[in-house]
Amino acid sequence: MGDVGELRLQFGDEKASPRKQTSSINLSQRRRNPRIKVNYRRWLRIGVYTVLLIAGQSVGTMLGRLYFDKGGKSKWLATLVTLIGFPILLPLYMIKSPKTPSSNITLQSNPPTATKLAFLYVSLGLLVAIGCFLYSVGLMYLPVSTYSLICASQLAFNAFFSYFLNSLIFTPFILNSLVLLTISSSLLMFQPEPVSDGASDGPNHPASRAKFITGFVCTVAASAGYGLMLSLTQLAFKKVIKKETFKAVMDMIIYQSIVSSSAILIGFFASGEWRSLKGEMDGFHLGKASYVMTLVWTAISWQLFSVGCVGLIFEVSSLFSNAISALGLPVVPVFAVVFFHDKMDGIKIVSMILAVWGFVSYGYQNYLDDLNESSTVENRDAIRE
């Protein structure tokens, strides 16, 4: 009799199982749909940040080179305009952050103290100020195509610092990316062509080898500082700020920009370069109006870049943000050949190919990580259900 009872129970369960199975499937779908929507929104934000970063970086770099080529001589002013445009971002504080059930950043119960936040913003702001000034020196002494390709080395520096600060795991694809990008930028030291001298009155004046080396060293040093800054920013979001809001991104940009702009402004007046601004404007090859508009649009472009850069750090990681920046770097040399008549010799072509190859290698690793993370989440949900 016990066997008959067990048999009837099994039959009863088999009849009911299709309903239970359907109910389980519906429940699973209901649970996954919000996640899918959130994932779409997240990748939409990543797409917007990517466009802002690449567009801002490309336009800002081209306009910065235009400033020096057409008669601009002030390194401090060229640096200042990359930082001082942050007030145009203040209306973005009105954007409300969507609430997401999961994130790469751990939530906290106790907010950081004002002293800790002040130290964080001042430190990062000063690091940004130094890096931007070094970038301006490099852009002054190097052709924009050479300058942009050297900047690809910032991804290697970022990966190096991320290994110690952000627990980055070096995979074969990431190592391949770093080696290619390092070789890509190192090749440019051997190019024989003369470079433009920002201190001259024209774009075709050959610079001395010493100035080329100065520009190269300053650009590499700025790339190293930029890579460190990105890793520290990611660490700050994870360990100090710990907020999943767009306001946290804006706070990082605005307060950091206030500090860096103030530091460069002090250097600008202390150097005495402000005294020559009127003569520089009068002697600008494209006219006074073009002089002003070049500076204004340079400021706007770099602020768009800042939103994209910090937004990608917030959404993904500092290395991903830097990889997107490296993706946009080959765009600049192409435009430089068209608008500034830079020479695209064999070394630059090989360097550009290696830079793109390095980015693709890193991007493929990020694609594998995303697939692995999605598979892990689905398996965990299947176990729970």
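Keep in mind that what you see is a predicted model, and the values were worked out from it rather than measured. Numbering of residues begins at 1 and proceeds along the displayed sequence.
No side-chain heavy atom of V81 sits under 4.5 Å from any side-chain heavy atom of L63. The shortest side-chain heavy-atom distance between V307 and Q303 does not fall under the 4.5 Å cut-off. When side chains are defined from C-beta on, C218 counts as touching T214, because their heavy atoms get closer than 4.5 Å. C132 has its side chain out of reach of I264: every pair of non-hydrogen atoms, C-beta onward, lies at least 4.5 Å apart. By the 4.5 Å heavy-atom criterion applied to side chains, L295 and Y291 are counted as neighbours. Using a 4.5 Å cut-off on side-chain heavy atoms (C-beta onward), S223 and V220 make no contact.
For the residue pair F305 and Q57, the shortest heavy atom distance occurs at CD1-CB, 3.7 Å. Taking all atoms of both residues into account, the shortest heavy-atom contact from Y67 to E280 is OH-OE2, 2.5 Å. The minimum heavy-atom distance linking R65 with L142 is given by the pair NH1-O, 2.8 Å. Among all heavy-atom pairs drawn from E273 and K75, the shortest one is OE1-N, 3.5 Å. The heavy-atom pair separating V249 from G311 by the smallest distance is CG1-N, 4.1 Å. Nearest heavy-atom pair, L53 versus C309, reported as atom, atom and distance to 0.1 Å: CD1-CA, 3.6 Å.
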query = Can you list the steps and then say if W76 with I266 is a side chain to side chain contact (heavy atoms under 4.5 Å, CB included)?
reply = CA-CA 10 Å; W76 288 100; I266 292 173; over 6 Å; no

inquiry  = Apply side chain to side chain contact (heavy atoms under 4.5 Å, CB included) to residues Y135 and C151 and explain how you reach the verdict.
reply    = CA-CA 9 Å; Y135 273 133; C151 287; 3.7 Å; yes

key: Verdict with reasoning, F68 to K73, per side chain to side chain contact (heavy atoms under 4.5 Å, CB included)   = CA-CA 6 Å; F68 286 120; K73 301 179 179 66; over 6 Å; no

key: side chain to side chain contact (heavy atoms under 4.5 Å, CB included) between Y141 and F212, intermediate numbers included   = CA-CA 6 Å; Y141 292 144; F212 177 85; over 6 Å; no

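Here the CD1-CG distance, from I313 to L230, works out to 4.5 Å after rounding to the nearest 0.5 Å. Between atom CG of residue L127 and atom CG of residue L228 there is a gap of 5.5 Å, rounded to the nearest 0.5 Å. The line from CG of L44 to CD of E315 is 10.0 Å long, rounded to the nearest 0.5 Å. Rounding to the nearest 0.5 angstrom, the gap separating the CG atom in L232 from the CG atom in L120 is 9.0 Å. Interatomic distance, N166 CG to T233 OG1, rounded to the nearest 0.5 Å: 9.5 Å. Distance CZ/F161 to CG/L235: 13.0 Å, rounded to 0.5 Å.
A continuous path of hydrophobic side-chain contacts links F133 to L277 [ILVMFWY only; heavy atoms under 4.5 Å]. Tracing side-chain contacts under 4.5 Å through hydrophobic residues (I, L, V, M, F, W, Y), one never reaches I130 starting from I150; they form parts of separate clusters. Under a hydrophobic-cluster definition in which Ile, Leu, Val, Met, Phe, Trp and Tyr are linked whenever side-chain heavy atoms come within less than 4.5 Å, directly or via other members, F284 and V296 are assigned to the same cluster. I84 is connected to V292 through a chain of hydrophobic side-chain contacts under 4.5 Å among Ile, Leu, Val, Met, Phe, Trp and Tyr, so both are in one cluster. Both F86 and L117 are assigned to one and the same hydrophobic cluster, defined by single-linkage of ILVMFWY side chains at heavy-atom distances under 4.5 Å.
Other cluster members for V259: V122, L126, joined by side-chain heavy-atom distances under 4.5 Å among Ile, Leu, Val, Met, Phe, Trp and Tyr.
Ring-plane geometry between F314 and F237 is classed as perpendicular, the angle between the planes exceeding 60 degrees on a 0 to 90 degree scale with a lower cut at 30.
By the neighbour-count criterion of 12 heavy atoms within 6.0 Å, atom OH of Y163 is sparsely surrounded, having that number or fewer from other residues, nucleotides or ligands.
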